[in-house]
Amino acid sequence: MNICGLGVSGSYLFRRLTDIGFSVNAFDVKRSDYYIPCGYATNERKIGEYCKRAGISFDDYIISRAENVIVAGDNFVEHTFKSSGLCTFDKNRFEHDLIKDLNVMKSKPDYNDGISLDCSGISRALLGQSPDDYCMSAIEYLSENAKHKSFYFKFYGKAMGYFWEFPMGNRYHVGAGGLDHSDNLRRLVPYQKILVTGRKIRLKPLFENIYKGNIAGTGEAIGCVSPITGEGIIPSLKSADLFIECARRYDDTPDLFEKYAVKIRREFGRYYGLHRMVKNLQEGKTLKVDNIRFARSALNEFREFGVDITAPAVLSHFIMPKRHN
Ligand SMILES: Cc1cc2nc3c(=O)[nH]c(=O)nc-3n(C[C@H](O)[C@H](O)[C@H](O)COP(=O)(O)OP(=O)(O)OC[C@H]3O[C@@H](n4cnc5c(N)ncnc54)[C@H](O)[C@@H]3O)c2cc1C
């Protein structure tokens, strides 16, 4: 088997598939000192089980744990919620440690030889671009300062994106993601930057394009990212686990890929509705049946991420948005 891309899902797959007994060639284009563009926030109550299966302890990577989480929006007043596992962790070291004793190839393997996994995230390097793709731009600073000491999310009106401040020890990840890149940049002006990163983030399921020929995608390459919170770390690990389950069971490649695709659609099917809801809000279609149907599911995305959100006031953001400021 070949793995293209050693981010979250690729590193985890390389570790697990090798441990199970598959012969794996893996390759990534990034430099060894590359600082991954990501908030590094996850839910410690959920990621631990993946770490156990990969033979590492998540506690070794936690940087800051949230107690309270502030959620604000252009359409609603600020609320403080309890954390249900939200934390930041050392994602660079985590990915490095998953594969530290494995042999990473120095140049790309022959992706036509056997099964190849496209774990290249936003790039879709093997599967190729999808005509119906949907991404937002995101920029992030590693900064000495932030306006809030707690984990902080601020949602822009009309579902145009959000701004975040996540504690990272005595530093912060401060970032902005949205459709308008100059607006994202403007929001970061008051912050000092030790380091600047950024890339696009895929916020739409591409579950009609999960595999092609001998190639199957995992993680962000196929849109395993919450369209509401942008959470992609645990969804990518989950997609990798679903692939492993099928790889252990089915020898025939078309069968394996189809069973995997069915599992992905079942696990992440809600992303279709959540993505439609975001598009409706952006287009000013407020009281759509989809929005009402998926508003509760949108709140659930926060709970998945580790924020114990309860307020009906936040719910209204997803049903009746006001104009974007
Ligand atoms: C600014 C920002 C902030 C985010 N914050 C969070 C957060 O706080 N919490 C969260 O859960 N999610 C967050 N996400 C989303 C999350 O980072 C991703 O969804 C997740 O890392 C995707 O995992 P992956 O394994 O699919 O791909 P990635 O982790 O993106 O890995 C892809 C890998 O493929 C490699 N690659 C690319 N092209 C090629 C090629 N041609 N050949 C070989 N290798 C290649 C890349 O170098 C990279 O290592 C954020 C995303 C962005 C952009």
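Model, not experiment: these values are computed from the prediction. Atoms within a ligand are numbered from 1 in the order they appear, just like the ligands themselves.
- Note: Y162 and F153 have tilted aromatic rings, judged against thresholds of 30 and 60 degrees for the angle between ring planes.
- Looking at C119, G223, S226 and measuring to atom 32 (C) of ligand 1, the nearest heavy atom belongs to C119.
- Against a heavy-atom cut-off of under 4.0 Å, G219 is close to the following atoms of ligand 1: 26 (O).
- On a distance-only criterion, S236 and ligand 1 share at least one N/O pair closer than 3.5 Å.
- Short contacts between ligand 1 and A125, defined as distances under 4.0 Å to a heavy atom of the residue, involve ligand atoms 40 (C), 41 (N).
- Residue-ligand proximity, F27 to ligand 1, at heavy-atom distances under 4.0 Å covers atoms 43 (C), 44 (N).
- Taking every non-hydrogen atom of V225 and a distance limit under 4.0 Å, the qualifying atoms of ligand 1 come out as 19 (O).
- Between F268 and F207, the ring planes lie tilted relative to each other; the angle falls in the 30° to 60° range.
- Close approach of ligand 1 to G230 (heavy-atom distance below 4.0 Å) involves ligand atoms 12 (N), 13 (C), 14 (N), 15 (C).
- When only interatomic distances are considered, the shortest N/O to N/O separation between K200 and ligand 1 does not fall below 3.5 Å.
- Cation-pi check for R187 over Y156 is met; the charged atom lies under 6.0 angstrom from the ring centroid and within 45 degrees of its normal.
- A donor-acceptor pair is defined here as one N or O able to donate and one able to accept, closer than 3.5 Å; such a pair exists between the side chain of S143 and the backbone of Q192.
- A tilted orientation is assigned to the rings of Y191 and F163, their planes being inclined by 30° to 60°.
- In this structure, K204 contributes its side chain and D133 its backbone to no donor-acceptor pair below 3.5 Å.
- For ligand 1, one of its N or O atoms has an N or O atom of G232 under 3.5 Å away.
- Below 3.5 Å of separation, one finds an N or O of K30 facing an N or O of ligand 1.
- The shortest N or O to N or O distance between I233 and ligand 1 is under 3.5 Å.
- Classified by interplanar angle (parallel below 30°, tilted 30° to 60°, perpendicular above 60°), the ring pair F94/F58 is perpendicular.
- At a 3.5 angstrom cut-off on N or O pairs, Y111 does not count as close to ligand 1.
- Close contacts of ligand 1 with C4, meaning ligand atoms under 4.0 Å from a residue heavy atom, involve 40 (C), 42 (N), 43 (C).
- Considering both main-chain and side-chain atoms, P37 never comes within under 3.5 Å of ligand 1 through any nitrogen or oxygen pair.
- Note on residues 100-109: pairs passing side-chain hydrogen bond (donor to acceptor under 3.5 Å, both in side chains), not counting sequence neighbours, are R15-D101.
- A cation-pi arrangement is present between R53 and Y50 under the rule of less than 6.0 angstrom and at most 45 degrees off the ring axis.
- Of the polar atoms of E140, none of the N or O atoms is found under 3.5 Å from an N or O of ligand 1, judged by distance alone.
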